[in-house]
Structures are given as structure tokens and as C-alpha cells.
Amino acid sequence: MAKGGPGLAERVAAAQRVVVLTGAGVSAESGVPTFRGTGGLWRQYRAEDLATPEAFGRDPRLVWEWYDWRRQLIARCAPNAAHFAIVHLERQVPEFLLVTQNVDGLHRRAGSVKMVELHGNLWRARCSREGTIQDLPETPLAEIPPRCACGWLLRPDVVWFGEALPPPALERALLAASACDLFLVVGTSAVVHPAASLPVVAKEHGAPVIEVNLEPTPLTALAHESHHGKAGDLLPRLLGFSLAPDPQPPTPA
Ligand code: BJW
């Protein structure tokens, strides 16, 4: 429910520096399961069995099978109207940063450029000895668990519970949150830190926080506006964007 004052489109028009924080809900309408709530990934699998370094140490095959299943599922998904609305927003605002917790790569596929992926990306693997990164194919992995050329196990290049977020991504997100004049939060349960602290940082520095989510979250009480509904419906409407299917500029002849 909006708490009054200017609408989101007016706030955006007046803003110089906008930060958008997204979570799994932004990809839900693309068919990517969320983590928590109805149909959430954690309902079928215990997070501590699959998304911790301990789980990987115990059973790397099980962990890789889960990520391989998710990659196959996401390969069949396409960005939705919420992803595209965020691309439009990036192109409209002088200083913009998208901070996503999502590892599915759909923002990039939609055309987002000014972005940080706080929790990594499941289309990449990292050598557990050397830390070198390699891209993963859209096809199922030939070998599970996969190995680096050096012989050590590869691991998904994502951030598991208890692991530090990539310092450059977190620093960039914190800096942007503390300097923005509008902070938009879309489709996150706002329970996983430090991502969930970013809107608090923004508010402490004077920026209005606007939330779009199917349901209330721990952030709702601090948000200046909280809009409940599907991001793919609400976001383009609140931002005053028409639902163009593809925001990419025409390819030069
Ligand atoms: C829709 C919708 C539609 C649905 N439209 N909306 C401070 C306080 C308490 C705890 C901690 C703290 N600081 C750190 C911690 C510990 C921990 C943590 O936060 N635990 C809490 C759960 C209690 N954090 C960590 O461990 C982090 N690491 C860390 O802090 O390290 C410190 C350190 C420093 C130095 C050295 C060593 C350590 C790491 C967190 C990593 C999170 N990783 C995961 C997995 C990523 C890989 C993978 O995908 O497999 O990230 S967990 C999972 O949760 C994933 C997500 O990015 C993250 C957030 O979930 P998200 O996106 O919010 O999804 P959901 O499902 O929860 O919510 C979806 C929402 O969408 C819902 O609200 C729906 O209503 C909504 N929705 N459809 C609009 N159509």
C-alpha cells in the first residue's frame, strides 16, 4: 500500500541517483522458483544441505546436481516485464545501479548494464584451489562434479551462507546505497544479509525506500511506499513505462 506523497514515476523524474535492489521475486514471472514461500526452492531442499560450503565439502555431487537442474530450468526462462522496466529505468536516470541478489543472469539478458551481482552467477564455475573462473554451458554438465584443468573440484561461482560477498560488489552497492536519492526494492524477502541492510543504509542517508513485492516483508515498515502485487505488472505501471517487449536500441544496419 502506498503511504501517500509523490508516485514512483514522479520520484524517478526528480531523482539523480537511483539504486534498485532485486531478489528472486523479480524472476518469478519468468518461471524461476523463488527460495522461500510457496513453491520456493528451500521448501523442497534444505538450504543447509545445498547452499553452504559444508554441504559442498560433504557431497559435491548432490550440490552440483541441484545447480545443474536449476541451470537447465533457467535456460528455458526469459526475462519478464519487470526486468525490462529496470532496463528502461537505467536508461532514464543519470546515475543508476542495479544490485541483484539473483544468480540467474536474467537482468543481463534483459539488457541491464550498470549492475552488481551480490551473490554471484550460476552460469560460472570457480576452481576451489586456484579461484579461476570459467563459464558453464547451457547444456547439462558432462561430468558431475566438474573438475578444473588443475585436477581440483570446480564449485558454482555463487555466494553460499557463511561466505563473504565479493568485496568489490558489496562496496559498490554500499556506496551507491549511501549516496542515492531513491532506493527501489523489488521481489526480495529481505531476510538475507548483508543485502537486506542496503535499504536501511539508504534510508539512514535520507533516501526514500520504495518496495514492490507480492506480500509484506520486514522492510515494509521502513519503506516510504510499499506496493503489493506482481513486479511484472506493477513495476512498469508505477514507473509509467509502456510494456515494450524489447528495450534494446535497433541494431545498426
Ligand atoms: C514476488 C513475486 C512477484 C515472489 N513479484 N515479488 C545479519 C543478521 C542476520 C544474519 C546475518 C547477518 N549477516 C550475515 C548473516 C548470515 C547470513 C544471513 O543473512 N542469514 C539469514 C538468512 C538469517 N548471511 C550470509 O551468510 C551472507 N554472508 C555473510 O554475511 O558473510 C559474512 C562474512 C564476512 C567475511 C568472511 C566470511 C563471512 C551470505 C548470504 C548468501 C546468500 N546465498 C543465497 C544462495 C545463492 C546461491 C544460489 O542461488 O544457490 O542467495 S541464499 C538465497 O537467499 C539466495 C538469494 O539471493 C537470497 C535472498 O533471497 P530472495 O532473493 O529474497 O528470495 P526469497 O525467495 O527469499 O524471496 C522472494 C520474494 O519475492 C518474496 O518476498 C516474495 O513475496 C516475492 N515475490 N513472486 C514481486 N511476481
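One-based numbering, in listed order, for ligands and for the atoms of each.
Below 3.5 Å of separation, one finds an N or O of V159 facing an N or O of ligand 1. On a distance-only criterion, G23 and ligand 1 share no N/O pair closer than 3.5 Å. Ligand 1 has an N or O atom lying under 3.5 Å from an N or O atom of F35, backbone or side chain. Checking only distances, K230 never comes within under 3.5 Å of ligand 1, N or O to N or O. Note: no N/O pair closer than 3.5 Å links W66 and ligand 1 by distance alone. Of the polar atoms of N102, none of the N or O atoms is found under 3.5 Å from an N or O of ligand 1, judged by distance alone. Note: no N/O pair closer than 3.5 Å links L165 and ligand 1 by distance alone.
Residue pairs satisfying the salt bridge (charged side-chain N to carboxylate O under 4.0 Å, His left out) criterion with at least one member in residues 143-160, sequence neighbours excluded, are listed as follows: R124-D157, R126-D157, R155-E163.
The ligand atoms of ligand 1 that sit less than 4.0 angstrom from a heavy atom of P194 are 30 (O). The ligand atoms of ligand 1 that sit less than 4.0 angstrom from a heavy atom of E29 are 3 (C), 5 (N), 80 (N). When each atom of ligand 1 is checked for a heavy atom of G229 under 4.0 Å away, the hits are 5 (N), 79 (C). Of all atoms in ligand 1, numbered sequentially from 1 with element shown, those under 4.0 Å from a heavy atom of E215 are 75 (O). Remark: ligand 1 atoms within the under-4.0 Å shell around heavy atoms of A28 are 78 (N).
Side chains of S27 and H107: a donor-acceptor N/O pair is absent below 3.5 angstrom, by distance only.
By the 4.5 Å heavy-atom criterion applied to side chains, L50 and Y67 are not counted as neighbours. Inter-residue side-chain proximity for R172 and V99 is flagged as unmet; no heavy-atom pair is nearer than 4.5 Å. Between L165 and H119 there is a side-chain heavy-atom pair separated by less than 4.5 Å. Looking at L154 and W64, their side chains come closer than 4.5 Å, going by heavy atoms from C-beta outward. Under the 4.5 Å side-chain criterion, counting only non-hydrogen atoms from C-beta, L239 is in contact with L8. Within the 4.5 Å cutoff, side-chain heavy atoms of V20 are placed close to those of F96.
Residue G232 comes nearest to A81 through the heavy atom pair O-CB, 3.4 Å, listed as atom of the first residue, atom of the second, then distance. E211 and S226 make their closest contact through OE1-OG, 2.5 Å (heavy atoms, listed as atom of the first residue, atom of the second, distance). Contact record, V116 with A173: CG2-CB, 4.4 Å, taken as the closest heavy-atom pair. Between A110 and F84, the shortest heavy-atom distance links the atoms O-CE2, 3.5 Å. For W123 against D104, the heavy-atom pair with the smallest separation is NE1-O, 3.0 Å. Looking at every heavy atom in both residues, A176 comes nearest to L97 through CB-CD2, 3.7 Å.
Of the listed residues (D233, V103, L214, N213), the one carrying the non-hydrogen atom nearest atom 76 (C) of ligand 1 is N213. The closest non-hydrogen atom to atom 28 (N) of ligand 1, taken over Q101, E163, H228, H119, comes from E163. Taking all heavy atoms of P218, S189, P167, G187 into account, the minimum distance to atom 67 (O) of ligand 1 is reached by S189. For atom 40 (C) of ligand 1, the nearest non-hydrogen atom from the set T217, V185, V192 belongs to V192.
The single protein non-hydrogen atom nearest to atom 77 (N) of ligand 1 is G25 CA, 3.5 Å, given as residue, atom name and distance. What sits closest to atom 35 (C) of ligand 1 on the protein, heavy atoms only, is A164 CB, 3.6 Å. The protein non-hydrogen atom at the shortest distance from atom 20 (N) of ligand 1 is F161 CE2, 4.1 Å. Among protein heavy atoms, atom 60 (O) of ligand 1 sits closest to R36 NH1, 3.0 Å. The protein heavy atom nearest to atom 63 (O) of ligand 1 is T188 OG1, 2.6 Å. At the top of the distance list for atom 19 (O) of ligand 1, counting protein heavy atoms only, stands H193 N, 2.7 Å. For atom 5 (N) of ligand 1, the nearest protein heavy atom (residue, atom name, distance) is A231 N, 2.9 Å.
By the 4.0 Å heavy-atom criterion, G162 is counted among the residues contacting ligand 1. Distances shorter than 4.0 angstrom do not occur between any heavy atom of P156 and any atom of ligand 1.
With a 4.0 Å heavy-atom cut-off, ligand 1 is reached by the backbone of A24 and by its side chain too. Of all the heavy atoms of V191, the ones lying under 4.0 Å from any atom of ligand 1 belong exclusively to the backbone. At a 4.0 Å heavy-atom cut-off, ligand 1 touches W160 through the backbone alone. Of all the heavy atoms of V158, the ones lying under 4.0 Å from any atom of ligand 1 belong exclusively to the side chain. When non-hydrogen atoms are compared, ligand 1 lies under 4.0 Å from the side chain of R70 (C-beta onward) but not from its backbone.
For atom 38 (C) of ligand 1, a protein heavy-atom neighbour is found at a distance under 4.0 Å.
No more than 12 heavy-atom neighbours from other residues, nucleotides or ligands sit within 6.0 angstrom of NZ on K230.
A donor-acceptor distance shorter than 3.5 angstrom exists from the side chain of T217 to the backbone of L219, with no hydrogens or angles considered. A donor-acceptor contact shorter than 3.5 Å is absent between the side chain of R109 and the backbone of P79.
Between R61 and E65, at least one side-chain N (NZ, or NE/NH1/NH2) sits under 4.0 Å from a carboxylate O, which counts as a salt bridge.
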